[in-house]
Each structure stands twice: as C-alpha cells, then as structure tokens.
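Here is the structure we will look at, set down as structure tokens.
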Amino acid sequence: MLLIHELRAHRERAITGLRKRGLKEAQLALVDKAVDLDDQRKETQTRLDSLLAERNQLSREIGKLFQAGRQDEANTAKERVAQLKEEAESLQKSMNEIQDEIESCLLNLPNIPHESVPAGQSEEDNEIYRAWQGSMPVLPPDALPHWELAEQYGIIDFKLGAFITGSGFPLYRGDGARLQRALINFFLDEAREAGYVEVIPPYMVNAASARATGQLPDKEGQMYHMEKDDLYMIPTAEVPLTNMYRDQILQESDFPVKLTGYTPCFRREAGSYGSDVKGLNRVHQFDKVEIVHLAHPDNSYEVLDEMLAHVSGLLDKLQLPYRILRLCGGDLGFTSALTFDFEVYSAAQGKWLEVSSVSNFETYQANRMKLRFKDGNGKTRLAHTLNGSALALARIVAALLENNQKEDGISIPEVLRRYTGIDMIR
RNA sequence: GGAGGAGUGGCAGAGCGGUUGAAUGCACCGGUCUUGAAAACCGGCAUACCGGUGACGGUAUCGGGGGUUCGAAUCCCUCCUCCUCCGCCA
C-alpha cells in the first residue's frame, strides 16, 4: 500500500511512475482523491478529538462532583456530555467512512515503479537485462517435448494427476519424484550456504496474511480458498515467510533478515489457456524454494543484486541456458517496484519459461503489514521487503528433461547427482 | 468436538468502574560515581494519528469487534488465540 503522505508530498512523481504502468486516467485520479479525502479526514479528526477531549474533561469533573455530593451540578454536566456524545458519534461515523474510502483508494493503487523500470504495455516490452551468452543445447534429431519424455520414461503422470484431482496437478513418480526431491534439497542447501535461514511455514494462511503481502484483494481469484475455515492455500512461500514479521518493529541491527523456505504452491490460474498450459508449463500445484529478504531501505537495491546473483548461480550450476528480463511497467506485479524475471530455455519446445521472479517491494508490503524498524536516531521507519524464487521447480524440470535428453536417456546435471543417486533417467 | 481457565507495555507482573497510558521488577538507553568495569544512585524508555516552526497540547489503543455507563484495562455479548482435562487421531 502506498503511503498517503508520500502521495501528498510527491504527487507528480507518483503520477509519472504510475503512468508507466499504463494506468488509466480514472485510476490515476485515485491519487488526488485519496489526498483530498485525507484532508477531510484530518479536519474531521481535529473536530472529533476536541469533542472527545471536552467529554473526557467533563466526565472527570462529574466524578468529582458526585464525590462532593453535588448531584445537581453533576446532572447538568451529564446532559452536556450526552449532547457531545451524539455529535461525536456522527463525526466518528463519517471519519470511519472517509478512512474506508481512503483505504479503498490505496488498495487499488499499485506500487510506484522504480525509475529504472522501462515503460511498456505487456511482456513484449520487457527489457532483456542479461541475454544468454553461452551455447544452446544440441538435441538429438528426434527430440521430444518434456510431456512426451515424461510419459516415455514414466516419471510424470499428468493423466493420473488429472484423474485423482484435476488437470494441472501432475503426479511425479519413480525417478521423476526423486528428481523433484533432489532439486528441492539442492536449492535449500544453496540458500542455506548463502546465509538464508530455512523455514517450513504453514501452507495455508488467513486473510490478514494474504492482505499483508498483497494477494488480497488484487489476486483473490487466483488463490484456492477454504471457505469453511476462511483460509487460503498459499500461492507462494512469500506469503507466510514475509508475514512472520507482520506488525513488528525490528532493530536496525536485525538486518538483513534472510529467510528461505520450500513449499508447494497452489494457483488457480483462472483464465489461462492455449499451448502455454501444456505439460509442466503452467500447473495448479508446483514446488518452489523461495528466498525472502527484509532489508534496510538504504541498501535494498544492493540486496536485490545479491539475490539476482544467487539465482544466477543456481542456474549456472544446473547448466541451463537462461536470460534475465527487467519487467516493464505494464508487466510489473501490482505490489512490486522492480522485478527481474529469469527465463530458462526449454529446447525441445523452443520456448523461454519463467522460472524465477525477483522483486523489491520497497515499503509497499511493509506498509500494509506494518513491518518497521528503529533507525539509528530511534525513529520508526518502514522496512523494505524483497523476495525471489530460487527456484520454481516445475518449469526447471521441463527444461532439464528437454535439454538433457540423449539417445539412451536423460542425463542428470552433475550438481544434482549426489541428491538423485543416479546420473541418468533411463 | 466437549468442559474449564487465561489473554495488560520488549519480558515478568499489579490494577478489576473515576487524574491509570497504566504500579513494581527485569531488560534496554543516557548521566553521576570509577583509571576502566561492576555495584549503587538519578533520569529516560509503547504505537498511531490530529494541532503547533517548536516547546508542547490533544485523541485513540490493556487479544479483535460490539454493548452498558457521564466515565471501561476494569461490567456484559461475541469472535480469536493460548493453557488444562476428556474424546478422536497422524
């Protein structure tokens, strides 16, 4: 959530930034509306506060009058308080309405993009931040896409998953399951060695948590919701991990807070269709190791670089061709100020698949969840939150299968062999 | 799922209708003392908002929400969480 006093103080910067996202004028108008409403709020609060102050004052006097046995005077004062109370109630009501309206304006305003974010409408306009310099995999002439390899080697069963649950819920078995587990362990070990504290969080969260990281209200339809208990299946470990620090005030010396967690991720992917959804390209349940960083505002962009380097390192070790995109304004997530996507080349499909998204949210999430810290002067300030996939499994598996297929099987990357115990899937 | 108990500041823990935003202790910060440290002593130490250049003043918050009352941390209702016992169970 954007800060109202920032919008007030730097209106032009906010508007210019939001324009980069391609927001329509009607939505941009929310900025001015929020500030106007906040003016009203201040005025209302000033009046309300003075009414309440008078009420408190009188109440104290009534107490003394009663003790002194001066009933008549006390009763006169009571009448005055009753009158104040009525006025205060009506002011309180309009104050609440104004505040709800401000909140709804702010909830509908996305984060202001970082200055380096290129303008643009859609993914076509994303900037290639780092292109792949290395060689591309050379495939055998009869190379197959991963969904056919999966069937041929009996390692992923899409049909059975669909039978048990529904489409988009793959079932991994044998070496396929083993490969999943190997990747999870590899990613977690790498994260731990990079100083991230491993966490196993709950896989369902309440509405307050989903709101804090920004999944609610803007991604409501994308989460699985357990109506009976009003809980949401997590779409990413980002939600529970970041919420570990909701409503907290850290000490400056607590930074950096580095967390990692493996969780399954659940996404409804409502509205998806077409060839994008074939095989592992887009599924409702997938495994992911996430890294989360809580950082001091002064160095959060250095932290972002550090995270990019970490993710790059993973892909280098897996020997997968990848490129890094800097998302344009139109493709940028609602809550993010700057996002880099990692795409891996899945050779048999001839497609770049997104396997990681690394973002700095600056104070946007922190403001929603009231995640603060005390700076050197003892002042309370909002922290910056960052997170990234390191990495999302399903598509990594797709690329590994396709890129590493040989005449006699699928070779396992060197770094994974100590986890899989095998060097080929046959 | 059933029965009972409890939720107060960073922690511990008083208060149970009226200058209580909240005693006291611990922790923490500053000072005095000391060559230095400890001890002792003195002072400070919640969050958010409103008004004010500022000093400062005001309002709200004692798990969340609602109610009773001139006045609520204190009484009532409701929800949540934790603890104990019973039931069920990986």
Side-chain angles (χ1 to χ4, degrees), chain A residues 1-9 34-103 105-107 200-212 216 226-232 240 243-255 257 264 294 363 365-383:
Chain A
M1 197 154 68
L2 295 174
L3 292 121
I4 190 81
H5 60 264
E6 292 286 332
L7 292 180
R8 185 191 298 279
V35 172
D36 286 346
L37 283 167
D38 194 48
D39 288 338
Q40 282 182 47
R41 192 210 100 239
K42 286 183 180 188
E43 196 198 313
T44 311
Q45 186 174 342
T46 305
R47 282 163 59 203
L48 178 61
D49 281 359
S50 64
L51 280 184
L52 293 175
E54 194 183 340
R55 184 203 63 182
N56 290 342
Q57 173 67 26
L58 279 171
S59 289
R60 273 191 289 266
E61 282 169 19
I62 290 170
K64 283 181 198 150
L65 287 172
F66 272 124
Q67 276 165 8
R70 292 149 74 181
Q71 305 281 342
D72 291 350
E73 288 172 69
N75 285 327
T76 314
K78 273 166 89 165
E79 278 169 38
R80 171 64 185 150
V81 172
Q83 194 188 340
L84 285 174
K85 204 177 162 182
E86 248 177 74
E87 289 175 49
E89 267 170 18
S90 110
L91 273 181
Q92 183 68 61
K93 205 177 147 215
S94 53
M95 175 94 160
N96 292 345
E97 283 166 9
I98 294 169
Q99 255 163 340
D100 287 349
E101 258 191 280
I102 294 173
E103 169 124 343
C105 288
L106 294 179
L107 282 176
I200 299 181
Y203 299 158
M204 293 189 209
V205 293
N206 57 31
S209 294
R211 195 173 304 116
L216 289 179
M226 311 283 133
E227 224 168 277
K228 199 158 187 177
D229 299 295
D230 196 19
L231 295 174
Y232 296 85
N243 269 283
M244 288 165 65
Y245 290 87
R246 169 151 54 91
D247 281 325
Q248 292 211 23
I249 302 179
L250 298 169
Q251 295 305 310
E252 205 165 33
S253 56
D254 292 332
F255 290 127
V257 175
L294 310 183
T363 59
Q365 287 182 331
N367 186 33
R368 273 201 199 181
M369 70 168 76
K370 301 294 167 241
L371 196 185
R372 295 97 95 210
F373 71 98
K374 283 231 188 282
D375 71 9
N377 303 318
K379 228 183 121 195
T380 306
R381 297 169 61 187
L382 291 168

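By convention in this document, chain letters (A, B, ...) are assigned in the order of the sequence lines, proteins followed by strands, and residues within each chain are numbered from 1. Every value quoted in this text rests on a predicted model; they were computed, and no experiment measured them.
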Quiz item: Which pairs count as salt bridge (charged side-chain N to carboxylate O under 4.0 Å, His left out) when at least one residue sits in residues 66-79 of chain A, sequence neighbours excluded?
Solution: A:R70-A:E73
Quiz prompt | Identified stems (criterion: three or more consecutive Watson-Crick or G-U pairs, under 3.5 Å), RNA chain B | solution = B:1-7 with B:80-86, B:10-12 with B:24-26, B:28-32 with B:40-44, B:46-51 with B:56-61, B:63-67 with B:75-79
Quiz prompt | Any residue meeting side-chain hydrogen bond (donor to acceptor under 3.5 Å, both in side chains) with A:T380, in chain and number order, not counting sequence neighbours | solution = A:K374
Exercise. Using a heavy-atom cut-off of under 4.0 Å over every strand shown, decide if A:T380 touches base, sugar-phosphate, or nothing.
Key: sugar-phosphate
Practice problem: Specify the residues of residues 41-49 of chain A, ordered by number, for which at least one heavy atom lies under 4.0 angstrom from an atom of RNA chain B. | Solution: A:R41, A:K42, A:Q45, A:T46, A:D49
Practice problem: Quote, to the nearest angstrom, the C1' distance that separates B:rA37 from B:rU32. | Solution: 15 Å
Self-check item: Listed partners of A:R211 passing side-chain hydrogen bond (donor to acceptor under 3.5 Å, both in side chains), at least two apart
Solution: none
Self-check item: Contact summary for A:V35 and A:I4, nearest pair of heavy atoms
Solution: N-CD1, 4.0 Å
Exercise. Using a 4.0 Å heavy-atom cut-off across all strands, classify A:A53 as base, sugar-phosphate, or nothing.
Key: sugar-phosphate
Practice problem: Using side-chain hydrogen bond (donor to acceptor under 3.5 Å, both in side chains) as the criterion, list what pairs up with A:E61, not counting sequence neighbours. | Solution: A:Q57
Quiz item: Residues from residues 81-96 of chain A sitting under 4.0 Å of RNA chain B, heavy atoms only?
Solution: A:V81, A:K85
Exercise. Locate the shortest heavy-atom distance separating A:L250 from A:F255; write the atom from each residue and the value.
Key: CD1-CE2, 3.9 Å
Self-check item: Gap in Å between the two C1' atoms, one belonging to B:rG57 and one to B:rG21, rounded
Solution: 16 Å
Exercise. Name the nucleic acid region contacted by A:N56, choosing base, sugar-phosphate or nothing; use a 4.0 angstrom heavy-atom cut-off, strictly under.
Key: sugar-phosphate
Quiz item: Touch check for A:R55, heavy atoms < 4.0 angstrom, all strands: base, sugar-phosphate only, or nothing?
Solution: sugar-phosphate
Self-check item: Which residues share a side-chain contact (heavy atoms from CB on, under 4.5 Å) with A:D247, sequence neighbours left out
Solution: A:K370
Quiz item: What interatomic distance, in whole Å, is found between C1' of B:rA73 and the corresponding atom of B:rG9?
Solution: 12 Å
Quiz item: Expressed in whole Å, how much space separates the P atoms belonging to B:rU74 and B:rU68?
Solution: 15 Å
Practice problem: Report the C-alpha distance between A:E101 and A:E97 in whole Å, list the side-chain angles of each, state the deciding distance to 0.1 Å, and finish with yes or no for side-chain contact (heavy atoms from CB on, under 4.5 Å). | Solution: CA-CA 6 Å; A:E101 258 191 280; A:E97 283 166 9; 5.5 Å; no
Quiz item: Which residues satisfy the ring-ring contact (aromatic ring centres under 6.0 Å, His included) test with A:Y232, sequence neighbours excluded?
Solution: A:H225
Report all side-chain donor-acceptor pairs from residues 84-94 of chain A shorter than 3.5 Å, counting only partners two or more places apart or in another chain.
unit_1: A:Q92; atom_1: NE2; unit_2: A:N96; atom_2: OD1; d: 3.1
unit_1: A:S94; atom_1: OG; unit_2: A:S90; atom_2: O; d: 3.4
unit_1: A:S94; atom_1: OG; unit_2: A:L91; atom_2: O; d: 3.0

Quiz prompt | Rounded distance (nearest 0.5 Å) linking atom CG of A:D49 with atom OG1 of A:T44 | solution = 10.5 Å
Quiz item: Starting at the 5' end of RNA chain B, which residue's closest nucleotide do you reach first, A:S50 or A:S59?
Solution: A:S59
Self-check item: Integer angstrom distance from the C1' of B:rC11 to that of B:rA46
Solution: 14 Å
Self-check item: B:rA6 and B:rA90, which share atom name C1', separated by this distance in whole Å
Solution: 29 Å
Exercise. Using a 4.0 Å heavy-atom cut-off across all strands, classify A:L52 as base, sugar-phosphate, or nothing.
Key: sugar-phosphate
Exercise. Would you mind reporting whether A:N367 and A:L106 have side-chain heavy atoms less than 4.5 Å apart?
Key: no
Quiz prompt | A:R41: side-chain hydrogen bond (donor to acceptor under 3.5 Å, both in side chains) partners, not counting sequence neighbours | solution = A:D38, A:Q45
Quiz item: Expressed as a whole number of Å, how far does the P atom of B:rU20 sit from that of B:rU34?
Solution: 39 Å
Quiz prompt | Residue pair A:N243, A:V205: steps toward the side-chain contact (heavy atoms from CB on, under 4.5 Å) verdict | solution = CA-CA 9 Å; A:N243 269 283; A:V205 293; 6.0 Å; no
Quiz item: P atom, B:rA72 versus B:rU84: distance in rounded Å?
Solution: 36 Å
Quiz item: When you list every nucleotide of RNA chain B with an atom under 4.0 Å from a heavy atom of chain A, which one comes first 5' to 3', and which comes last?
Solution: B:rG18 to B:rG71
